[in-house]
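First comes the structure, then the notes that go with it.
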Amino acid sequence: MAQAKPKFYLTTPIYYTNGLPHIGHTYTTVVADTIRRYKRMQGYEVVMTTGTDEHGVNVERAAQKAGVPESEFVAKMAEAWRSLWEELGVPADEFIRTTEVRHARTVQWLFKLCRENGFVYPGHYTGQYCIYDNAYVDVKPGENCPDCGRPTETVTEENYFFKLSAFQQPLLDFYKKNPNFIQPETRRNEILSFVAGGLRDLSITRTSIRWGIPVPGEEPHVFYVWFDALTAYLSAVGGPEYERRGFWPADLHLVGKDIIRFHTVYWPAFLMAAGLPVPKQVWAHGWFLIDAGKMSKSKGNVVQPRPIAHVLGMDALRYYMLRETVFGQDGNFSYDALVQRYNSDLANGLGNLASRTLTMIEKYCGGAFPKGSADLSISLAPWRVPERIQQVRSLYEQYHFTRALEEIWRLITDVDLLISEQKPWALAEDPAKRAQLETVLWIAADTLRVVAVLAHPVIPTATEKLWRALGQSGSVGEQGIDDLQWGTLRAGTKIAKAEGLFPRIEKQEAVERMEAMESEPQKPAVTPAPTASVPAGPGPSGAVSQTAPEKIAIEDFAKVEMRVGQVKTAERIVGADKLLKLTVDIGSEVRQICAGIAQFYEPESLVGRKVVVVVNLAPRKLRGVESNGMIVAASVGPEGRPVLAAFTEDVEVGARLK
Ligand code: ME8
């Protein structure tokens, strides 16, 4: 019987759905994908989880700002994240959303275990809360969050508390027993001194928030977003039935340094309290900075991955991120440096060596691998490839991607040097030098094969192409990296046609193209569905929120004031092809309202028409235009075509709908 493969479980953070991915998030996901590929090549059965963190105040507010119910908002955003990872070639094996039922079950179960074991108690808490970081912070009222610099809010709540203080010693013991649990070393020291300084109990439920997973039997309590979010790692691989799949405890949580405390203090404490196994390692990497500052939406310096993938290819971004920034440290991002790396290492380095070698094999050896002479190859290639292979493997093992790539690229420069010294084109002129010519080409080709295997975790697309060009069977991703040996290229194997791996690109042109794409609006623009009749109304509470919305009482309905209005003017909005700007008489006043119906109604046809208006909706701006109210329409067909609500009898302007 075939032996079961060993298992490896790794995760990225589950990202907030109040924004869309930028290259910071892409970095963590790319690192996770690189490790996943490496581990697969080592023979592991790997699961990589990523997903979306969909609860909490900041998501609730983002949905309100967009004017759509939370469940609709997060569904669109989650889909945008999931599909982008697929598009970029870094898909999740398990994509977990915190609004999924399997997740709510796990959170509720974890809470129950912690409570049964005596680590949860009710209490009151007043403190300054940062809604952006979803954490209480140690500042005075009116002061900003010390982590992100944004305003804090004073919150008093009746909460359930988690006895974090009881875990100070167990955590310190755990860190001591598992010295590799927190990486890199600097972060470990930071956390050790934080925990040694004493731990305060943590409030893990909220009554001030509606958009969260309900605490069973304790409504309106919902779970604190971090208790909720961290548990996603466990929900993704079976939750309460985790033993069946056998992927828990996680081997590796990859996170940015911003959230290390949650992962190395709270998370192991929750699991210990519940009597569950604790993850084996948390690796906190540094920031991708733009002009030495942190990327942030408010600063407007966010770089998206899609334009880069489009212009240079995802391999280029992956290579740049892993080659340029030491894993664990901060790194600066610049388009210039990215294109520079692309041209020097990928186009002129690997791409050029591959095309030269394959062209020469075509030309001088009839398109089949020559037979190298072992003796000659030792004198011609004095570098020790087997040792280099070993070194690269050990660097991967320690997640030293920068150094691993340096070593792989040294093989490329060594072969480049060999070719320029040996001049195969000159050797080909002299029949007496045939063995030497063949050996040089054989060394070049076999080193390329080795490079394809070693570089595959980082540049999967190009190495797959190279593998095919070298006439190798199967996929390079299926090769056993631990069994890789130099000198095993079979003479006589036909090479395929050399494809350009990395076409050279002019720097300015590449940068301009990426910048132009960057300034296009990112998808999805989550705007109110033109036909949603009750935007931002009380959304469904709890985790099963994507199914049927909860019932509302008549008083809830009475809160929505709908009146008959008459359209006075209607015009298109420049730059917003879905929106019309209307002025509508609602009896007591004339309002300006934007409606997302421009693709289905001509503005002129609306003038004089009676419509139904939600008049007590908070005003908001759509594409910079103030909208004070909402026109009600039915949503028809799969594309949600809006059809305006109307009356078959004449109705007075201003009449209320009840
Ligand atoms: O914190 N450079 O989600 P988030 C490098 N939902 N990495 C960066 C980065 C940058 N400039 N910006 C973001 C959350 N990241 C929670 C996590 S987990 C149970 C819950 C990456 O959307 C980095 O991995 O704010 C960071 O930790 C993560 O995105 C934060 O993503």
Side-chain angles (χ1 to χ4, degrees), residues 10-33 49-59 62 74 77-78 80-81 84-85 90 92 94-99 103 106-107 110 130-135 145 147-148 150 187 212 223-236 250 252-268 270-271 279 282-299 301-305 317 320-322 324-334:
L10 81 164
T11 67
T12 76
I14 50 164
Y15 305 108
Y16 285 130
T17 40
N18 58 336
L20 288 163
H22 56 59
I23 55 151
H25 309 112
T26 311
Y27 178 60
T28 319
T29 310
V30 158
V31 171
D33 180 70
T49 287
T50 186
T52 40
D53 190 353
E54 304 185 7
H55 290 127
V57 192
N58 48 7
V59 174
V74 293
M77 296 300 272
W81 283 82
L84 181 73
W85 296 142
V90 290
E94 282 292 346
F95 190 90
I96 184 85
R97 298 183 52 193
T98 56
T99 50
H103 173 64
T106 310
V107 173
L110 183 70
C130 172
I131 63 153
Y132 303 97
D133 295 343
N134 284 307
C145 168
D147 292 329
C148 72
R150 287 179 279 196
R187 301 283 161 227
F223 287 102
Y224 166 48
V225 68
W226 276 99
F227 189 83
D228 168 345
L230 289 159
T231 309
Y233 300 135
L234 188 50
S235 320
L252 176 64
H253 289 316
L254 288 168
V255 297
K257 63 182 181 183
D258 51 333
I259 54 176
I260 179 112
R261 203 180 282 179
F262 298 102
H263 284 79
T264 57
V265 183
Y266 297 1
W267 184 222
F270 296 157
L271 291 164
V282 178
W283 240 102
H285 62 70
W287 291 125
F288 253 99
L289 308 169
I290 305 276
D291 300 327
K294 192 176 166 214
M295 240 182 300
S296 91
K297 255 196 172 161
S298 51
K299 284 198 225 152
N301 62 354
V302 170
V303 176
Q304 302 169 38
L317 179 60
Y320 169 74
M321 286 178 152
L322 293 177
E324 197 97 341
T325 300
V326 176
F327 188 53
Q329 295 177 11
D330 287 347
N332 209 40
F333 180 88
S334 92

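In this chain, numbering begins with 1 at the start of the sequence shown. Remember, it's 1-based here, ligands and their atoms both numbered in the order they're listed.
Nearest protein heavy-atom contact of atom 29 (O) of ligand 1 is His25 CD2, 3.2 Å. Nearest non-hydrogen protein atom to atom 3 (O) of ligand 1 is Tyr16 CD1, 3.4 Å. Counting only heavy atoms of the protein, atom 18 (S) of ligand 1 lies nearest to Tyr233 OH, 3.3 Å. For atom 9 (C) of ligand 1, the closest heavy atom belonging to the protein is Trp287 CZ3, 3.2 Å. With hydrogens left out, the protein atom closest to atom 31 (O) of ligand 1 is Tyr15 CD2, 3.5 Å, a heavy atom.
Set against the non-hydrogen atoms of Leu230, the atoms of ligand 1 under 4.0 Å away are 19 (C). Against a heavy-atom cut-off of under 4.0 Å, Ala229 is close to the following atoms of ligand 1: 19 (C). Interface atoms of ligand 1 facing Asp53, defined by a heavy-atom separation under 4.0 Å, are 6 (N), 16 (C), 20 (C). With ligand atoms numbered from 1 in the order given, ligand 1 contributes 5 (C) to contacts under 4.0 Å with heavy atoms of Gly286.
Looking at heavy atoms from C-beta onward, Phe288 lies out of side-chain contact with His22 at the 4.5 angstrom threshold. Inter-residue side-chain proximity for Leu254 and Thr11 is flagged as unmet; no heavy-atom pair is nearer than 4.5 Å.
Judged purely by atom type and a 3.5 angstrom limit, Asp330 has no side-chain atom pairing as donor or acceptor with the backbone of Gly286. One N or O on the side chain of Tyr320 and one on the backbone of Ser334 form a donor-acceptor pair closer than 3.5 Å. Checked by atom type and distance alone, the side chain of His103 pairs as donor or acceptor with a backbone atom of Asp228 at under 3.5 Å.
Contact between Gly19 and ligand 1 is absent, with no heavy atom of the residue lying under 4.0 Å from the ligand. Taking 4.0 Å as the cut-off, Trp267 does not count as a neighbour of ligand 1 on heavy-atom distance. Within the 4.0 Å heavy-atom shell around ligand 1 one finds His22.
In this structure, Arg187 places its CZ atom where more than 12 heavy-atom neighbours from other residues, nucleotides or ligands lie under 6.0 Å away.
Annotation: Gly24 places an N or O atom under 3.5 Å from an N or O atom of ligand 1; distance criterion only. Residue contacts with ligand 1: Thr28 is placed with a nitrogen or oxygen under 3.5 Å of a nitrogen or oxygen of the ligand (distance criterion only). Taking distance alone, with nitrogen or oxygen atoms compared against 3.5 Å, Gly256 approaches ligand 1 more closely than that limit. Between Phe288 and ligand 1, at least one pair of N/O atoms sits closer than 3.5 Å. Considering backbone and side-chain N/O of His263, none are found under 3.5 Å from N/O of ligand 1. Any N or O atom pair closer than 3.5 Å counts here, and Ile14 shares at least one such pair with ligand 1.
The only member of Thr52, Ile14, Thr49 that meets side-chain contact (heavy atoms from CB on, under 4.5 Å) when paired with Phe95 is Thr52.
The aromatic rings of His253 and Trp267 sit tilted, their planes meeting at an angle between 30° and 60°.
Neither the backbone nor the side chain of Lys257 comes within 4.0 Å of ligand 1, counting heavy atoms alone. The proximity of Asp258 to ligand 1, defined as any non-hydrogen pair under 4.0 Å, is limited to the side chain. At a heavy-atom distance under 4.0 Å, only side-chain atoms of Trp226, from C-beta outward, approach ligand 1.
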Checklist entry - Given the rule in the ring pair (Phe, Tyr, Trp, His ring centres under 6.0 Å) test, do Tyr15 and Trp81 qualify, once you have shown the distances and angles that lead to the verdict? => result CA-CA 9 Å; Tyr15 305 108; Trp81 283 82; 5.0 Å; yes
Item to check | Verdict with reasoning, Thr26 to Trp85, per side chain to side chain contact (heavy atoms under 4.5 Å, CB included) | outcome: CA-CA 8 Å; Thr26 311; Trp85 296 142; 4.0 Å; yes
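By the 4.0 Å N-to-carboxylate-O rule, Asp53 lies too far from Arg97 to be salt-bridged with it.
Between the side chains of Tyr233 and His263, at least one donor N or O lies within less than 3.5 Å of an accepting N or O. A donor and an acceptor atom, one from each side chain of Glu54 and Thr98, are nowhere located under 3.5 Å apart.
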